[in-house]
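Below, chains carry the letters A, B, ... as their sequence lines are ordered, and counting in each starts from 1. The model shown is predicted, which means the values in this text are computed figures rather than measured ones.
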Amino acid sequence: MGSNAKIRNIKGTRDILPEEALKWRRMEQVIREKMKAFNYEELRFPTFEYTELFKKSTGEDTEIVQKEMYTFKDMGGRSLTLKPEGTPSVVRMYIQHGLRNRSKIQKYYYIERMFRQERPQKGRFREFRQFGAEVIGSMSPQIDAELIKLALDIFKELGIKGIRVNINSIGCPECKEEYIKALKEFLSPILNGLCEDCKKRFITNPLRILDCKKDRDKLNSAPNTIDYLCDDCKRHFSDLREYLDYLGIAYDVNPKLVRGLDYYTRTVFEFIHSELGAQDEVGGGGRYDGLIEFLGGENTPASGYAVGMDRMLLLMPEIDGDKGIDIYIVTLDKESDIAGWKLLSGLREEGFSCDKDYLERSIKAQFRESDRQNARWTIIIGQEERKRGVVKLKSMETGEQKEVLLNMKAIKEEISAKGS
RNA sequence: GUGAAUGUAGCUCAAUCGGUAAGAGCGCUGGACUGUGGCUCCAGAGGUUGGGGGUUCAAUUCCCCUCAUUCACCCCA
C-alpha cells in the first residue's frame, strides 16, 4: 500500500470501482423490479435525522443507540445522527406526511446508506447500504410471509444460493411481559455466572440475553417465547407458518431469535448464510405493531425488514456486464482529428456509445486503446479518406475493413447491417 | 471499545542465517510493424520496503512506538 497516500478513505467506508459498480447496479435493478412486482413504492429519506428519533424508536437500550451512532451537534445546537437504520425514518415520514390518508395499507421500500460506528470486519462496514421493505397498516401474517418471499425472490434473481430463513414470535406486549417474567425467574439463580453485559441486560432488556453467544450453552433450557404466546399471537404465528408453507418457503423456527431492536412484536425473522464469516446475517426484520402509535401516530400495525447489500454482494456470483463500446474513432492528423471529433458527436446523438483519442497518440496506440475499450468497430480517418469523403470501418472481431461514405446514414447502415 | 495477524512497484507476490545496487509475473509506455488492435519478441518507466525511532560495520529481515488493513470478540445489515 502506498504510504504517501496520506489521504485515504475513512475506515469502514468503501470505494466502488467500475467493475464493482456494475454489480451494485445489477443489485439495485433487481430490487426495483421485484419491488414493482410486489407493488412496493420507493421512499427516499435524509441521511440524518434528529437523534431523538432513533433514541425513541430504535430504543435507548439497544447496542446501536448506546455506542454505534454517528451523533453530532449542528450550529443551532440540535443533536443530529447519521441514520443507522431505516425503519424510524419510514415511520416518521408516514406520520409526518399523513400517508395513512392515502390508503389503509401502505407498502414501501428503500435503498439507502446507513452508518454505524463499529469495528469493521468481514461483511461489516461503518457506511453500508441496505434495502428495506415496510408494510404499514396490516396485521395479517400474510404480509409477514410476503415480505419474506419478496427478499427470497430478490436473492434468487441475483443468483444467491444457500440463504436460510429463521423465524420466531416474541408475542404482543402482553405475552411478551409474561414471557419476560418467566425468563427472569429462570435467569435469577444463574445470573452470577453470566457475563457482565448479560447482567446489565437483565435489568434493561432481558430478552436479548438469549442472543448472547458467550452464555449460550447456559441458556439451553431457558423458556421459549412461543410457549408463552397468548391465543391471538399463537394463531398469528401458526398462520404465518402455514402461509410460508403455501409459498414453498423452507424455514427453521429458532426459539432463541429475539432481534436487537426494541420495537419488535410478534413475528421476527432473519436471513442467514454460512459463507459470510462471523457476520452471517444477510438481513432481518419483523413486526412492529406498536411503534407508530409510540411515535405519536394512530395505533397502526406494521411489518418490515432490512437487508445488507454489502453482504449480498459477497454472495453474488460474478456477472458479465455491458462492457465495451460500439465505436472507437482513430484519427491520423490534426484535420482528421477535428473531423473525427465532429463525427463522434453525431454518432453519440444517434445513440451509439463511442469515443476517440485525446492524447495525439500514434495510430498503433489508438488501436490498442480501441481494443482495450472493447469497441465493436473502429473508424479510421486520415488524409486519404478525407480527400475522398470516406472513412474506414473496421470490425474488431473479424478484422474486416471497408470504406464507407462519411455520413451518418451510410455508417449507420453499415453497422446495423452486420447486426449486433 | 478489546484481541490477533499482516503491511515490499498500480495489482499478485519473491528476496538464504542480518550481507552487493530490492526482483518476477500481470498491467502501463514505446519499438520490431514509419497508416491498423489482439499473439510473439525486445526495451523502458514505475519503490524513501506504511511512517518514526533503536540495535548493528551493515536492517525488507531483529527490537520498540505509531498508522493502516484484515479477521475475530461485542453486536448487527
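With a 6.0 Å radius and a threshold of 12 heavy atoms from other residues, nucleotides or ligands, A/L359 has its CG atom above the threshold. Few gaps surround CD on A/E350; more than 12 heavy atoms of other groups in view lie less than 6.0 Å from it.
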TODO: Take A/S336 and A/T331 through the side-chain hydrogen bond (donor to acceptor under 3.5 Å, both in side chains) test and state the conclusion after the steps.
DONE: CA-CA 6 Å; A/S336 304; A/T331 60; over 6 Å; no
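Within 4.0 Å (heavy atoms only), A/K392 reaches at least one base atom of the nucleic acid. A/G277 comes within 4.0 angstrom of the backbone, heavy atoms only, and of no base. A/V307 comes within contact range of no nucleotide atom at all, as no heavy-atom separation falls under 4.0 Å. If you check every strand for non-hydrogen atoms under 4.0 Å, A/A365 touches sugar and phosphate atoms only. Counting any heavy atom pair closer than 4.0 Å across all strands shown, A/F125 reaches a base atom. As judged by a 4.0 angstrom heavy-atom cut-off over every strand, A/E63 is placed among residues touching the sugar-phosphate backbone only. Counting non-hydrogen atoms under 4.0 angstrom, A/Q366 reaches nothing in the nucleic acid. Here A/G399 lies in heavy-atom contact (under 4.0 Å) with a base. At the heavy-atom level, A/Q117 lies nowhere under 4.0 Å from the strands shown. Counting any heavy atom pair closer than 4.0 Å across all strands shown, A/E68 reaches sugar-phosphate atoms only and no base atom.
Within the 3.5 Å criterion, the main-chain N or O of A/L276 finds no donor-acceptor partner in the side chain of A/R311. Checking side-chain atoms of A/T81 against main-chain N and O of A/T71 turns up no donor-acceptor pair under 3.5 Å.
For the pair A/A306 and A/N9, both in contact range of RNA chain B, the more 5′-proximal nearest nucleotide belongs to A/N9.
For A/R129 and B/A77, a side-chain-to-base donor-acceptor distance below 3.5 Å is absent, hydrogens and geometry of angles not being considered. The base of B/C75 sits with one of its N or O atoms less than 3.5 Å from a complementary donor or acceptor on the side chain of A/R124.
Distance from the side chain of A/R119 is smallest for B/C73 among the nucleotides B/U36, B/C73, B/A68. Nearest to the side-chain atoms of A/R368 among the listed nucleotides B/A77, B/G30, B/C74 stands B/G30. The side chain of A/K122 lies closest to B/C71 when the candidates are B/U29, B/C71, B/A77. Among the nucleotides B/C75, B/U36, B/G30, the one closest to the side chain of A/R361 is B/G30. For A/K394, counting side-chain heavy atoms from C-beta on, the closest listed nucleotide (B/G35, B/G37, B/A77) is B/G37. The side chain of A/R372 lies closest to B/U29 when the candidates are B/U36, B/U29, B/C73. Nearest nucleotide to the A/R311 side chain, out of B/C75, B/G38, B/A77: B/A77. Of the candidates B/A77, B/G31, B/A72, B/G31 carries the atom nearest the A/S362 side chain, counting heavy atoms from C-beta on. Listed candidates were B/A77, B/U36, B/U69. Nearest to the side chain of A/L261 is B/A77. The side chain of A/A278 sits closest to B/A72 out of B/A72, B/G35, B/A77.
Distance A/E118 CD to B/U69 C1': 18 Å, rounded to the nearest Å. Regarding A/K11, its NZ atom lies at a distance of 12 Å from the P atom of B/C71, rounded to whole Å. The interatomic distance linking A/K402 (NZ) with B/U36 (C1') rounds to 18 Å, in whole Å. What separates CD of A/E360 from C1' of B/G35 is a distance of 17 Å, to the nearest Å. Here B/A77 presents its C1' atom at 12 Å from CE of A/M27, a figure rounded to the nearest Å. Between A/D337 atom CG and B/G35 atom P there is a gap of 16 Å when expressed in whole angstrom units. Taking atom CZ of residue A/R208 and atom P of nucleotide B/C75, one finds them 7 Å apart after rounding to whole Å. When the P atom of B/G35 is taken as reference, atom CG of A/D333 falls 11 Å away, rounded to whole Å.
Between A/D61 and A/R201 there is no salt bridge, since no side-chain nitrogen of the basic residue lies less than 4.0 Å from a carboxylate oxygen of the acidic one.
Comparing B/U2 with B/C75, their C1' atoms sit 13 Å apart, to the nearest whole Å. Rounded to whole Å, the C1' atom of B/G46 lies 11 Å from the corresponding atom of B/G27. The gap from the P atom of B/G51 to that of B/A9 amounts to 10 Å, rounded to the nearest Å. B/C67 sits 10 Å from B/G52 when the C1' atoms are compared, rounded to a whole Å. B/U61 and B/G3: their P atoms are spaced 25 Å apart (whole Å). For B/C41 and B/U16, the P atoms lie 29 Å apart once the distance is rounded to whole Å. Comparing the P positions of B/G1 and B/C64 gives a spacing of 23 Å, expressed to the nearest Å. Here the separation of B/C11 from B/U48, taken at their P atoms, is 12 Å to the nearest Å.
Checking the phosphate oxygens (OP1, OP2) of B/A77, a side-chain nitrogen or oxygen of A/R259 falls inside 4.0 Å. Contact between the side-chain N/O atoms of A/Q121 and the OP1/OP2 oxygens of B/C71 is not found at any separation under 4.0 Å. Taking 4.0 angstrom as the limit, A/Q279 places none of its side-chain polar atoms (N or O) nearer than this to OP1 or OP2 of B/A77. For the pair A/K364 and B/G37, the criterion of a side-chain N or O lying under 4.0 Å from OP1 or OP2 is met.
Within the shown strands, nothing qualifies as a pairing partner of B/C75 under the Watson-Crick or G-U definition with both distances less than 3.5 Å. The base-pairing partner of B/U70, taking Watson-Crick or G-U wobble contacts with both distances under 3.5 Å, is B/A4. Across the strands present, B/G23 finds its partner in B/C13; the criterion is a Watson-Crick or G-U wobble pair with both atom distances under 3.5 angstrom. Pair assignment for B/A43: B/U29, on the basis of Watson-Crick or G-U wobble contacts that are both within less than 3.5 Å. Remark: B/A59 base-pairs with no nucleotide; criterion is Watson-Crick or G-U wobble with both hydrogen-bond distances under 3.5 Å.
For an aromatic pair to be called close, the ring centres must be under 6.0 Å apart, and A/F155 with A/F271 satisfies this.
Side-chain contact annotation: A/R164 with A/Y251, donor-acceptor N/O pair under 3.5 Å absent. Of the N and O atoms on the side chains of A/N168 and A/T225, at least one donor lies less than 3.5 Å from an acceptor on the other residue.
Judged by the 6.0 Å and 45° rule, A/R287 forms no cation-pi pair with A/Y264.
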